Amino acid sequence: ADLEAAHVQLVVQALTSRCGIDGYSRPEEFSGLEARVALCKLNSYTQPICCERDISEYRHSLKVNNSALIERLAKDIMKDIGYCDIMVLCVLKGGYKFCADLVEHLKNISRNSDRFVSMKVDFIRLKSYRNDQSMGEMQIIGGYDLSTLAGKNVLIVEDVVGTGRTMKALLSSIEKYKPNMVKVASLLVKRTPRSDGFRPDYAGFEIPNLFVVGYALDYNEYFRDLNHICVINEHGKEKYRV
Ligand SMILES: O=P(O)(O)OC[C@H]1O[C@H](OP(=O)(O)OP(=O)(O)O)[C@H](O)[C@@H]1O
């Protein structure tokens, strides 16, 4: 747990320290010894690099797919709920990459264990953000039939918990259909004063109150295709504002 806390702290430092360079940069060019140390240490775990082009839109970035972090989350999940059938519910759009990587790790663990775990994957599309602001009302897009979750062991997979409104609204909608169990895994949890206190059962990184994009996370649908999680800066927000 101490190691984990230290790791989270390092990520936070790496994300919050100011690089101050709006141009191509390498981790070793980051200003501040702390950030540099953090980035080096993180290398064994994740692979932070700077975006190569259009750097004016983002600052530091973090590569998460295939990382030991997702493997560890998968192990924790399997330990808790893995010995029964799981219905993975991926929250679109932002959750698709994390969900794909997590399912891959869950499958590997299941394959190497002596018990067969049946896993189904389903998708629900929720939307509440415009620009970098939650609009307060969570919409289920495309009419997902929540009654299919009745009696199931549901693992909700989300990219980020910010205010927590999206997850709270989804959980209260699902509860009516009496699933056997519902757990939430979120890659990122944001430290924001606008949080309603919701905490996922499984969380990857705790991040500062900054708007992040990449690895399926978007700003008005831009940047989902980036391989790395980056922090969008004011210039980027202005450029793509709607
Ligand atoms: O905790 P909250 O403050 O409610 O924010 C979290 C939600 O916001 C984002 O979704 P968004 O509405 O941007 O839709 P998207 O997944 O299609 O990008 C994200 O994917 C989460 O679902």
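Since the structure is predicted, the reported quantities are computational estimates derived from the model, not experimental observations. Just so you know, ligand 1 is whichever comes first in the structure, and atom 1 is the first atom listed for that ligand. Worth knowing before you read on, the calculation uses all heavy atoms, side chains too, and leaves out hydrogens, waters and symmetry mates.
- Among Tyr96, Phe98, Tyr129, the residue whose heavy atom lies closest to atom 9 (C) of ligand 1 is Tyr129.
- Contacts with ligand 1 closer than 4.0 Å are made by side-chain heavy atoms of Arg224 only, the backbone lying farther away.
- Residue Gly164 has at least one nitrogen or oxygen atom sitting less than 3.5 Å from a nitrogen or oxygen atom of ligand 1, judged on distance alone.
- Counting heavy-atom neighbours within 6.0 Å of Arg130 CZ, excluding the residue itself, gives a total of 12 or less.
- At the shortest separation from atom 12 (O) of ligand 1 among protein heavy atoms lies Ser128 N, 2.7 Å.
- Of the heavy atoms in Arg125, none comes closer than 4.0 Å to ligand 1.
- Thr166 OG1, 2.5 Å is the protein heavy atom nearest to atom 4 (O) of ligand 1.
- Looking at Leu217 against ligand 1, nothing comes within 4.0 Å, counting heavy atoms.
- Judged by distance alone, the side chain of Asp196 and the main-chain N or O of Phe198 form a donor-acceptor pair under 3.5 Å.
- Residue contacts with ligand 1, taken as heavy atom pairs separated by less than 4.0 Å, involve Asp218 solely via side-chain atoms from C-beta onward.
- Minimum heavy-atom separation, Leu146 to Ser173: CD1-CB, 3.6 Å.
- Between Phe123 and Tyr144, a ring centre-to-centre spacing not shorter than 6.0 Å is recorded.
- In this structure a side-chain-to-backbone donor-acceptor pair under 3.5 Å is missing from Asp201 to Lys183.
- Between Tyr129 and Phe211, the ring planes are tilted. Angles from 30° to 60° get that label.
- Against a heavy-atom cut-off of under 4.0 Å, Leu126 is close to the following atoms of ligand 1: 14 (O), 17 (O).
- Side-chain atoms of Lys152 come within 3.5 Å of backbone atoms of Thr148 as a donor-acceptor pair (strictly under, hydrogens ignored).
- Closest approach of Ser186 to Val161, counting heavy atoms only: OG-N, 3.4 Å.
- The Val161 neighbourhood of ligand 1 comprises atoms 1 (O), with distances under 4.0 Å to a heavy atom of that residue.
- Contact detail for Ile70 and Phe98: the closest heavy-atom pair is CD1-CD1, 3.9 Å.
- The pair Arg165-Glu137 does not count as a salt bridge, with every side-chain nitrogen at least 4.0 angstrom from each carboxylate oxygen.
- By the 3.5 Å distance cut-off applied to N or O atoms, Gly94 is counted among the residues near ligand 1.
- When atom types are taken as modelled, the side chain of Asn220 and the backbone of Tyr240 share a donor-acceptor pair closer than 3.5 angstrom.
- Counting protein heavy atoms only, atom 21 (C) of ligand 1 is closest to Glu158 OE2, 3.2 Å.
- Atom 20 (O) of ligand 1 has its closest protein heavy atom at Asp159 OD1, 2.7 Å.
- Counting heavy atoms under 4.0 Å from ligand 1, residue Thr163 touches it through both backbone and side chain.
- Here's the thing with Ser134: none of its N/O atoms is less than 3.5 angstrom from an N/O atom of ligand 1.
- Geometrically, ligand 1 and Gly162 share a nitrogen or oxygen pair separated by less than 3.5 Å.
- What sits closest to atom 17 (O) of ligand 1 on the protein, heavy atoms only, is Lys93 N, 3.2 Å.
- Atom 6 (C) of ligand 1 has Val160 O, 3.3 Å as its closest protein atom, hydrogens excluded (heavy atom only).
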